[in-house]
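Labels below follow one simple rule: chain letters A, B, ... track the order of the sequence lines, proteins then strands, and each chain is numbered from 1. Not measured: the values here are computed from a predicted model.
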Amino acid sequence: MNWAVVTEMVLIETRSLCKTYQMGKVVVHALRDVSFQVEQSEFVVILGPSGSGKTTLLNLIGGMDIPTSGKIIFGGNEMTTKTEELVEHRRNNIGFIFQFLNLLPTLTAVENVELALELTGALTEDGKRDFSKKAIHQRALELMERVGLGDRVNHFPAELSGGEQQRVSIARALAKDPPLIVGDEPTGSLDFKTGVEVLKELLRLRKEEGRSVLLVTHNREIAKIADTVIELSDGRVREIKEGERRTPDELRW
Amino acid sequence: MPRRSLYKSVWRDISTHKMQFLGITIMIALGAGALGTFIPSYYNLSRTYDTTYENLGLADFRVTTVLQTEKIPVDKVDEIMQDLMTEYPIASYEYRVVYEMTALENTTEGINLIAIRAIGLNVTGGRHPTVNDLALFNGRWFVDSDRWNDSESFNEYVALADTKLATFHNLTPNSRINVLVEGDVNKTTEVRLIGDVGTAEYLWLAASWQDLMPSSRRFGLLFMPMSSMQHMLSWSNNEVNDVCVLMEPGTPISMRDQLMNEMEKRFASAGISIMPAIPREDEPSYAGLQLDLEGFVEMVVVFPAFILMIAIFSTYVTMSRLVAAQRQEVGITMALGYSRKDIYKKYLSYGLIVGAVGGIIGVIIGEIFTRWFINVYLGMLVVPFRYYGFYPDIIALNLVVSLTICLLGCYIPARSSAKLIPAVAMRDDPASVVMGRVTLVERAIKRITGYEPRVRTKIILRNLFRNRRRTISTIIGLMLSFVLICSTAGMDDSFGATMNAITVREGWNLQVQYIDFKMGNAVNEDINIINSWPEVDLAYRGITFSTVLTSNYTDSEIILQIRVQDPENAIHDFQFGSTGGEFNDTGIVITKGTAKQLRVGLGEKIIIMHPRFNITSLIPLRYSFQMVNSSVVVTGISQETTSLVCWMSYAMAEQLIGQGGLEANTIYIKLKDPSVDSINAVKQKVYLHIKSVRSALSPADISRDMGEYMETLRLFLLVLIGFSVALAGSIVLTTSIINVLERRREVATILTLGSSHRRVEISFFAENIVILVTAIILGIPMSFESLTEMAASFSNDFLEFVVAIGPTTIWISIAIIFVATVLVQWFFVRGFRRMDLAQETKRRTVG
């Protein structure tokens, strides 16, 4: 699957998704019959307590794991279970933002972004991918500017604050120009103020760039910024409801 | 107060990091195994030799005539010895006939001569000698009908062969050997074998000091009833030429020496010309074996110590990484109220467990290897009495050493874990605090070439410098592995180079040795015959004989071979090097090893013991020899690898030995075409046309002989290489696992971003190839250094090993270490494909 294919209004559709793990003699049902849709430019929060299956769901959509049964339709195409195609899916369709930032400590901020760009090439105005060093570097600088870190490009992660590191992480997620940004507790390791900044950045991506955002959190307060909230409990969809669409500044946690 | 929960986690950690701990356990087991192999092997070998010497009554000393043709009357021996037995604690004595002859062997390449030392023993009534007895391996012992007697029933000579000779030439009871008593291939005497025997006197088959390591291909022993020998040599049954003496157990050396002097005096006053008495320690076989044991002692200490040092290092690295990875856990444990002492003890307990398990495995390995090594080694030496002991003290020592090594390796990491501050330890995610930096290499490349590498290349470069301790420890680990393999395998190259160095300086293509000295013009006649052959360029006379060198600067005595040659013929290519000097008629040339042992330099004097020729009657010609000491000047110090030889000119030798003295006992032949065919053709002619030849050897024959001798050393080397490869594998395993495991989160992140597994694997391998290449570059000079140390432990008073590692050995070592590293990493890096990306991207890890 590549970028050009994602033209449907419904970006993701899951149908009767199930995931079980064999933990010794015990079979753990992480997901049971999960079905929902995410449209393009939609901000969706998957909410649930620890062990409810939200991270498992995110991993399946992100192509980091494969379902035991059921289907995931991404951009109109059914996701396969083939390793190489899952790599393609992660590379082209998904921008990851991790809870623990996961920046490579040996690379500068801009180089962390370039790392992702070297995989996909820099998107040019005519929609092509340019793999030249110059184009990649230029695009990385633009992304750093966009997340407000234009003056911190040559700093190493250890020289950046937690919020700055997460913004580099967002820039890295955007580098591939993916239709979907996924975040697994992206504010989990950040203080409140920094967390709010990160959420603002994610909302901006949805509003200004029209990207879909799928956010996993256990924090009900954060769920208030979503267009749609999918609440999981014990591996099942407990409720799918419309979000409050509040601004991050209105949140308190 | 028991801390069961705390120690439960020790077991679980070991189980979780089983491959790392397995690597360390293997190293400890190898170190303990090496100790458990070499020390008991040394004791077993030493006690085996002593047992054999004791059971077969190895003579404390021996008295023999200067020339083998000289005779000692038996009744005179009895008279002297019976008298001495009243004054000295002599347990027993035996007189014998010892005579050098040759045996004719027909091979597919023509005839071959085997130098035979025939020893006539008093076996009257089927008795065994009370001194220098034999142990029967195959066949039967002598009976009275085997002895020559005047009756008509005696119709054949029978003999027992030494087992090495019998084995090498496939001789079995009833095999027949044609011996050349007079040195003429046309006059042979048939001897029937009745069996084969082992001997304490020739446990190490040495023909003489100048022929320390003959192959059974060309030297062997035959034991015959004395009366038969006397009959074969046309001697009377009252004539012998060798007396062996065994002292009462516990006799002091000084008393033995006193007896030796007394015997020399008594024999001299009885008009019997004898060599100075030869004490046991000066017998080439006994001394050779002692030197072999001494070389073994050094290896007993050096090699296990080396392995155990590596084990300390690896334990330290692994434990350091474990402690770093468990910072948070340590913090939590301390926050719960466990004391620093508890934490300290917890991490030391890893060492105790690994040390105990490794030590026990090592003891088992040691037992197995000791049995194998002793059996094979003693099998090669053909030792009649084997001693195999059980050494609980060594087992205990082994376990203590293993535990100590592991505790030492754990000490610093355990101490640093106990020093952690709980709050800091719990808060820190070490990965996040790793400070990245642009490497010097990158900056240099950019400045010089203007080229800025891609990010994927930068990752490789920066990872190398990111955690210097980890990178350095990996490089050291791999380097040590390489050094181990390369230097032990390099010993084989050194053997070859040493052998080559011994023969390469010789200008001759064939060395013909007579059974004994040839008098008058006989040698010149032989030289004329040889020079008339079309293949021959030139033939030269030479003398070789054993001597003892001493100096005024040390108590050391060196027994070696003097080679008397004509300076103008330049048979030997002397390499005087920086020491200078020359080979001339005014003194002696010694080797650097001899100079070192005697502590003499150029122009200084040494004392040489040599025969002095006296003509007692011209008609008929009667002569005698007397061993005397003379002082000679060192005119040159040659850079030879061996200390077994020295050189002097004919003029100098005649001055020492006496005018009209020995003509020669050696002829050196230089061929026009030194090809194998030409050498073999001339060798055949020598055997057919020159009388009293003991051997005709080419440099290749000498190298082959030494090669066969080296087989015993090679066996030892094989054990070392086996240990080295296993150890190298463990080092690679331990260091590689650490490298792979510590990077799982990063790898998971890169894979999650969409990188292919292949790209990650290539990047990983590229990084490790840089480390590997660095380790190999550093390892090559280190290998030479290590080999120098190993060669020094193998070198002895006779031979200084040349340090040489051939390109093939280096390439093979590189290939082994490369394949081992790649295989181990492939095994673990392939695991990335099964990695749970979601879980791994959340892993707290060390950087």
Heavy-atom pair with the smallest gap, counting every atom of [X] and [Y]:
{"X": "B/E746", "Y": "A/P105", "value": "OE2-CD, 3.9 Å"}
{"X": "A/K133", "Y": "B/Y451", "value": "NZ-CE1, 3.4 Å"}
{"X": "B/L753", "Y": "A/L119", "value": "O-CD1, 3.8 Å"}
{"X": "B/T752", "Y": "A/K176", "value": "O-NZ, 4.4 Å"}

Open item on the list: Given heavy-atom pairs under 4.5 angstrom as the criterion, report whether the side chain, backbone, both or neither of A/I136 touches chain B.
Closed with: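 Side chain only.
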TODO: Sort A/N102 into side chain, backbone, both or neither according to what part of it lies under 4.5 angstrom from a heavy atom of chain B.
DONE: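 When you check distances to chain B, atoms from both the backbone and side chain of A/N102 fall under 4.5 Å.
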Open item on the list: Check this for me: A/F36, atom CZ, are more than 12 non-hydrogen atoms of other residues, nucleotides or ligands nearer than 6.0 Å?
Closed with: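 Yes, CZ of A/F36 has more than 12 neighbouring heavy atoms, counting only those of other groups under 6.0 Å.
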Open item on the list: For the CZ atom on B/R443, are there more than 12 heavy atoms of other groups (residues, nucleotides or ligands in this structure) within a distance under 6.0 Å?
Closed with: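 Count over threshold, so yes.
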Task: OH on A/Y21 to CG on B/D836, rounded to 0.5 Å - done: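 Answer for the CG-OH pair, B/D836 versus A/Y21, is 6.5 Å.
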- [ ] Measure the spacing between OG1 of A/T106 and CD1 of B/I459 and express it to the nearest 0.5 Å.
- [x]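 A/T106 atom OG1 to B/I459 atom CD1 measures 6.0 Å (nearest 0.5 Å).
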Open item on the list: Determine whether a donor-acceptor pair (N or O, by modelled atom type, separation under 3.5 Å) exists between the side chain of A/E118 and the backbone of B/R454.
Closed with: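 Looks like no, no N/O pair under 3.5 Å.
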TODO: With chain B as the partner chain, list the residues of residues 108-115 of chain A whose heavy atoms fall under 4.5 Å from it, by residue number, and write 'none' if nothing qualifies.
DONE: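 Listed by number, the contacting residues are A/T108, A/E111, A/E114, A/L115.
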Open item on the list: Counting C-beta onward and ignoring hydrogens, is there a side-chain heavy-atom pair between A/F98 and B/R745 closer than 4.5 Å?
Closed with: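 Sidechains of B/R745 and A/F98: no contact.
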Open item on the list: Any heavy-atom pair between the side chains of B/V455 and A/L117 that's under 4.5 Å?
Closed with: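 Not in contact.
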Open item on the list: Please classify the contact between B/R758 and chain A as side chain, backbone, both or neither, with a heavy-atom cut-off of under 4.5 Å.
Closed with: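 Contact with chain A is absent: no heavy atom of B/R758 under 4.5 Å.
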